[in-house]
Amino acid sequence: MALCTLCTTAMAENAIEAKRFKQWGRQYLTLTNNWDGLLCTTVSGELPPVLSLITSINGQSTDDMSAETFSKIVSQSSDITLEYIEKDNGVNHNKKCVLSTKKNYFIESGLNKTPTANTPNTISLSSDSEIDFFNYNTFDFSIGEDDKLTDKDIAEALSKVFESRGLKRTSDNPDLIFKFSKRYNQNSNSTYVPEQRQVVNTGANTYTWKDRKGNVHANTVVNNSVVTSGGYTKTTNTSELHLLLQAYDGNILRENPQSNPLVWQLDFNDFYQYFTNMLDLVKNNVSYWARCYPFNKQMYSYSVSTRGIVFKNQEDMRTGEIADVLEGTDAYEKGLRAGQKIMKIYKGGGYYGFWLSSKTTYFKADSYKEKNKAWTMAAYLIPIPIPFPRSVTNHPYDYLTPGLGSGNINMFLPHYIVKSPDGSEFDIRTDGFKNSFYNYEYIY
C-alpha cells in the first residue's frame, strides 16, 4: 500500500474528476472519481457514480471538451450542474444533478491507496482498444459440461462484478459472452525434521571474596544448557489457481461461430502457502481484478480513514477553525460542528515512569557471608495530563491528528477544548474517537 497525507495532497483535488477514454463512451467525459461525496454535497439529484458519462457541466457540452477544461470549471465553481448518463441494468439513464463543492478543504485524516501502481505479475489484463465498451449492455456466461455446478457458482460470483458496471445478465442474445477455463491444485508435503541437541551458553555468574589479608579474588562459573530442537514432522500445504476469463462480442460470435471476436481478457494465476477454497479465491481475488473491466489497467480502490473534522485550509487547521464535520463520525456524534473552534488540545493520560526496588548481592568469604544491598528502579506509572496549546507548534498534525500522521502522539489520550460561536466552551474527550472509512474507486 502506498500511504500519503490526505490533507496536504488528495483533498486539495477537485470535488469530482473526469477523463476521456477511447474504450468507454468516447464522445463524452467519464467520471473517474467522485471522492464518495467527501468534497461535495448534493443540492439536487444524486451524486453521479464512477463510470457515468458527463454530457454537460454548467450548460456546456463535454463533447470534445478536454479533461483540463472540465477540471478548471469545477475548480472555479461553488455549485456545478451536471447532466450525465448512468448505465444501470443494461439501460442508459439520462440524469441531472447540482453539486455544492468544497474546494481546498482539508480533512483530519490519512489516505490509503491500494493496490500499488503496478499490476502484480500474477495478473494479466488485455482489452481491445478499438471497442467502445459503453455500447455493450447485456452479458451472459458460456458454461461447459465439465464441473458444471462449480462453473455456475463461479459465473454467479463474477456476474455481480459486471452488474456493478451497469450490465444486465440475460440469455437472450447477450452483447457479451464470457467464457472461462480454470485449473486448481492443492498439495500437501510432509518432511521429518530430525532431532538435534545443542549446548548453549546461557550466561555466567561471577563470585568475589576477600581472604584474610584483604586481597579480592573472583571466580566465574559459566552456565550451559542443552537445547533440543526438531524431532517432528513438518507439513506444508499449498494451493494454486489459474483462471482465464475471456469476453467475446456476442453479436459477431452468433453470426460466425468460427470467429474469434475476443474483446477483453483477464488471466489470473496465483500461488498460496496454505489450503484455500477455489470459490473463495474467485469471489475475493479474481472478482477484485475483474472490476477493471473494460480497461486493460486496473482501477484503484481507495479507502479514506478519517476522524471527520474538516478545515477550510491549512491556516484554519492551525488555528482550529472547523469548517465542517462529517456526519456519522465519532466527532459528529460527540458534538463537533461547523463554526466551532478547537481552542486547546490536552494530551491527557500520558505516563511518567520511574523504578524503585532492591537488589541483593552476596560476597563470599572464607569464614563468613557478607550481604550488601544495591538500589535500582522498578516501574511505577503516574498519569500526568500535559496541556499542549496551539502555540507549541506550527505543524497541524502535531496536535490535530492524534494517532494519525505523528507517532509521538499515539501514547497519549487527548481531549479538545472547543469554543462554540456563542462563546461557550466545552470539553470533548477524543481517546474514544474511531476512524470512519469511506471507500471509492478511481480509474487509472
Side-chain angles (χ1 to χ4, degrees), residues 4-88 92-107 111 113 117 127-136 165-166 292-302 304 310 312-314 323-324 438 440-444:
C4 60
T5 303
L6 180 63
C7 71
T8 57
T9 56
M11 300 316 289
E13 300 285 350
N14 286 323
I16 57 172
E17 298 173 1
K19 295 180 182 178
R20 186 179 302 278
F21 293 101
K22 188 177 180 180
Q23 293 170 277
W24 186 259
R26 61 186 61 166
Q27 180 182 358
Y28 298 109
L29 293 173
T30 299
L31 189 69
T32 59
N33 193 356
N34 61 15
W35 295 107
D36 198 24
L38 288 176
L39 291 181
C40 65
T41 55
T42 54
V43 177
S44 64
E46 301 173 350
L47 182 68
V50 171
L51 285 181
S52 58
L53 299 184
I54 308 298
T55 59
S56 74
I57 176 171
N58 291 348
Q60 301 182 47
S61 173
T62 65
D63 189 358
D64 294 330
M65 178 183 288
S66 67
E68 291 74 17
T69 300
F70 180 88
S71 177
K72 185 177 181 180
I73 294 174
V74 172
S75 66
Q76 295 177 349
S77 304
S78 298
D79 293 318
I80 54 177
T81 300
L82 297 178
E83 294 184 21
Y84 63 98
I85 302 174
E86 178 183 353
K87 185 181 292 293
D88 181 46
N92 296 336
H93 300 276
N94 293 292
K95 295 186 176 182
K96 184 176 181 179
C97 69
V98 178
L99 305 177
S100 177
T101 63
K102 302 177 183 179
K103 299 186 302 299
N104 302 319
Y105 273 45
F106 298 84
I107 295 183
L111 173 66
K113 181 176 68 176
S127 183
D128 190 335
S129 60
E130 299 302 318
I131 299 294
D132 186 347
F133 286 83
F134 194 80
N135 294 325
Y136 293 130
R165 292 292 176 256
C292 300
Y293 168 88
F295 305 100
N296 60 353
K297 295 182 179 180
Q298 80 264 17
M299 298 181 68
Y300 283 147
S301 174
Y302 282 88
V304 173
V310 180
K312 188 175 181 180
N313 49 47
Q314 285 187 323
D324 198 4
Y438 298 84
Y440 52 93
E441 293 176 326
Y442 180 81
I443 296 178
Y444 181 82

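The chain is numbered in sequence order, starting from 1. As a basis for the values below, the full set of heavy atoms in this structure was taken, side chains included, without hydrogen atoms, waters or symmetry mates. Computed from a predicted structure; not experimentally measured.
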Polar side chain donor-acceptor pair, S129 to Q23, under 3.5 angstrom
no
Sorted by chain and number, sequence neighbours left out, salt bridge (Lys or Arg N to Asp or Glu O under 4.0 Å) with R20 holds for none
Would you name the heavy atoms of S77 and T101 that are closest together and state the gap between them?
O-OG1, 2.9 Å
Please identify each residue that fulfils ring-ring contact (aromatic ring centres under 6.0 Å, His included) with F133, with sequence neighbours left out.
Y136, Y293
Output yes when a side-chain donor or acceptor of T32 lies under 3.5 Å from a complementary backbone atom of E17, and no otherwise.
yes
What distance separates C40 SG from L99 CG, expressed to the nearest 0.5 Å?
4.5 Å
Donor-acceptor pairs under 3.5 Å, side chain of residues 44-54 to any protein atom, not counting sequence neighbours: which ones?
residue : atom : partner : partner atom : Å
S52     : OG   : P49     : O            : 2.7

Sequence neighbours excluded - salt bridge (charged side-chain N to carboxylate O under 4.0 Å, His left out) pairs with any residue from residues 36-45:
none
Interatomic spacing from CG in N33 to CD1 in I16 - rounded to 0.5 Å
9.5 Å
Show me the side-chain donor-acceptor pairs of residues 63-74 shorter than 3.5 Å, one per line, residues at least two apart or across chains.
residue : atom : partner : partner atom : Å
D63     : OD2  : Q27     : NE2          : 3.4
S66     : OG   : T69     : N            : 3.1
S66     : OG   : T69     : OG1          : 2.9
S71     : OG   : N14     : ND2          : 2.5

Non-hydrogen side-chain atoms of P294 and W24 separated by less than 4.5 Å
yes
When rounded to the nearest 0.5 angstrom, what distance separates CZ in R26 from CD1 in I131?
8.0 Å
Solution key, residues 80-88 side-chain donor-acceptor pairs under 3.5 Å, sequence neighbours excluded:
residue : atom : partner : partner atom : Å
E86     : OE1  : K95     : NZ           : 2.9
K87     : NZ   : N92     : OD1          : 2.8
K87     : NZ   : F134    : O            : 3.0
K87     : NZ   : N137    : OD1          : 2.4

Please name all residues satisfying salt bridge (Lys or Arg N to Asp or Glu O under 4.0 Å) with D324, sequence neighbours left out, ordered by chain then number.
K102
